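Encoded as structure tokens, the structure appears first; notes follow it.
Since this is a predicted model, take the numbers as computed values, not measurements. Just so it is clear: chains get the letters A, B, ... in the order the sequence lines come, proteins before strands, and each one is counted from 1.
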Number of protein chains: 2
Amino acid sequence: MKLQLQIKMNEGLFLRNPENTELGRNIIKHSIQLIAQYGFEEFTFKKLADDIGTTESGIYRYFENKHLLLIYIIAWYWCWLEYQIIFQTNNIIDPVVKLKKVINLLATTVEDDESTSYVNESLLHQIIISEGSKAYLTKQVAEDNKHQFFKPYKELCAVLGNIILECSPKYKYPRSLATTVIEMAHFQNFFMNNLPSLTDFGHNKNESNIVLFLNDLVFSTIKNA
Amino acid sequence: MKLQLQIKMNEGLFLRNPENTELGRNIIKHSIQLIAQYGFEEFTFKKLADDIGTTESGIYRYFENKHLLLIYIIAWYWCWLEYQIIFQTNNIIDPVVKLKKVINLLATTVEDDESTSYVNESLLHQIIISEGSKAYLTKQVAEDNKHQFFKPYKELCAVLGNIILECSPKYKYPRSLATTVIEMAHFQNFFMNNLPSLTDFGHNKNESNIVLFLNDLVFSTIKNA
DNA sequence: TTATTTATGATAGCGTTACTATCTTTTTAT
DNA sequence: ATAAAAAGATAGTAACGCTATCATAAATAA
């Protein structure tokens, strides 16, 4: 008997819950594969339908458009990651150790989680790096925000911000530092692999360097508060 | 007699140099207005052509596609900003003062520069904030990078990285800190205005807070090296 | 000045994308 | 066994991304 991890998603993101049917789960699974393969701009519902072996209309019964599908899988990732963080930092008393653990989880390639059968977290992590910010860098951001589509991301930032405050109660910018760490965990990774001269890790493309950079950044900053 | 600022752009970005003709300059001017208005996804060459009072084919004679046009105006901005930075930090000896000046320039709304007649820098700054990262967050990033389309951005990062090193010669991550400052100058601005709970400036949406945050971040970090 | 590039305008067309609609068949629940 | 729900099949439409062609106007060279 294996535990299955179920994540309750915002109902406004879909027309029909993809977790409940074979086709729905296939949509999630294959869209993660195809977005990772083609990038979001070149990804279409037609390609997705062909890949699954269904038709476009089948996809549209689950998701209104590809933007909402992107937000869905990204929100799913943030939910899953928050769970990982809560789980893996549970019972750690020292907030500094906790914070280091979180930075590690954010900046290190995730392995596929067996308890989520149709989601490949490793591919999803790649999508977060390359496409993550496209979820909110749009003209509909206010609208999407009203529907609470970014709640999982905000919650994760809040969790991280609180750990920062635990480490350094007087630090004045815990939320902004949290978003900085989260975004930079991904941007430095993207730069390292694609525009290496923008980083200090180009010669030795190793994620552990990003962790070192972020640790130095965060702990120097909050120590100074 | 007024000085006109001319920026020499990478020739691979366009089919015909937009700076040389009335139509070309109109393409730049109106595309800045329309991208700021619609956002990049909803921006099309058809809308641009209608706005100018020309036809799609007219646009295509200058730019292969809207992605290259976006890269063009973004690269233009980085060139212009680097010039501003070089100019405004010239003769400043103290690297700490210099660095503060640069952070200010990065994180503060720019006013329209009179010496560039057909470019509205203020609108362009808004585009950088919302669309800037879409220039490189694509599957063609390697290809585009080979053509040196990101050279202006890289140069700016190098300039900033060198000032950081001047302040703190032993600091180990000058480039990554430079990209962090540049990206966060924009992301914190976007968050402050659109997803305020992700920042510590939601109640008082003032850019000067972002400057304070970035100053604290940078100087704490490099002091610690 | 005429001849000739060069830039622009006008129109057409083609394949794809994003999306809606309808109708049939299959699966599932009662 | 029957009703309801989900999926498959097919069609269609407006917009988008892009190419091609031909005519005309403006700039420039002979």
Q. Between B/E56 and A/F45, which is nearer to the 5' end of DNA chain C once each is assigned its nearest nucleotide?
A. B/E56
Q) Between A/Y62 and D/dA7, does any side-chain N or O lie under 4.0 Å from OP1 or OP2? A) yes
Q: Could you pick out which residue, B/R61 or B/K66, lies toward the 5' side of DNA chain D when each is mapped onto its nearest nucleotide?
A: B/K66
Q.
Can you tell whether the side chains of B/D50 and B/K46 come within less than 4.0 Å, N to carboxylate O?
A. yes
Q.
Of the listed nucleotides (C/dT20, D/dA6, C/dT8), which one gets closest to any side-chain atom of B/L23?
A. C/dT8
Q: Answer yes or no: are there more than 12 heavy-atom neighbours, outside A/E19 itself, under 6.0 Å from its atom CD?
A: yes
**Q.** Residue B/T21, side-chain atoms from C-beta onward, closest of C/dA18, C/dG9, C/dT8
**A.** C/dT8
Q: Could you pick out which residue, A/R16 or B/F43, lies toward the 5' side of DNA chain D when each is mapped onto its nearest nucleotide?
A: A/R16
Q) So, for B/F45 and B/F63, which heavy atoms are closest and what is the spacing to 0.1 Å? A) CE2-O, 3.7 Å
Q. For B/T199 and B/Q188, does a side-chain donor sit closer than 3.5 Å to a side-chain acceptor?
A. no
Q: Looking only at side-chain atoms of B/S57, point me to the closest of D/dC18, C/dT20, C/dT11.
A: C/dT11
Q) Across the strands shown, which category fits A/F63 at heavy-atom distances under 4.0 angstrom: base, sugar-phosphate, nothing? A) nothing
**Q.** B/E41 bridged to B/K134 by N-O distance under 4.0 Å
**A.** yes
Q: Compute the angle between the rotation axes at the two ends of the helix from C/dT1-D/dA30 to C/dT30-D/dA1, each taken over five pairs, rounded to 10 degrees.
A: 20°
Q. How close or far is atom P of D/dG17 from atom NZ of B/K46, stated in whole angstroms?
A. 12 Å
Q: Determine the sole option in B/N26, B/T21, B/N17 for which the side chain to side chain donor-acceptor pair (under 3.5 Å) test with B/Y62 is passed.
A: B/T21
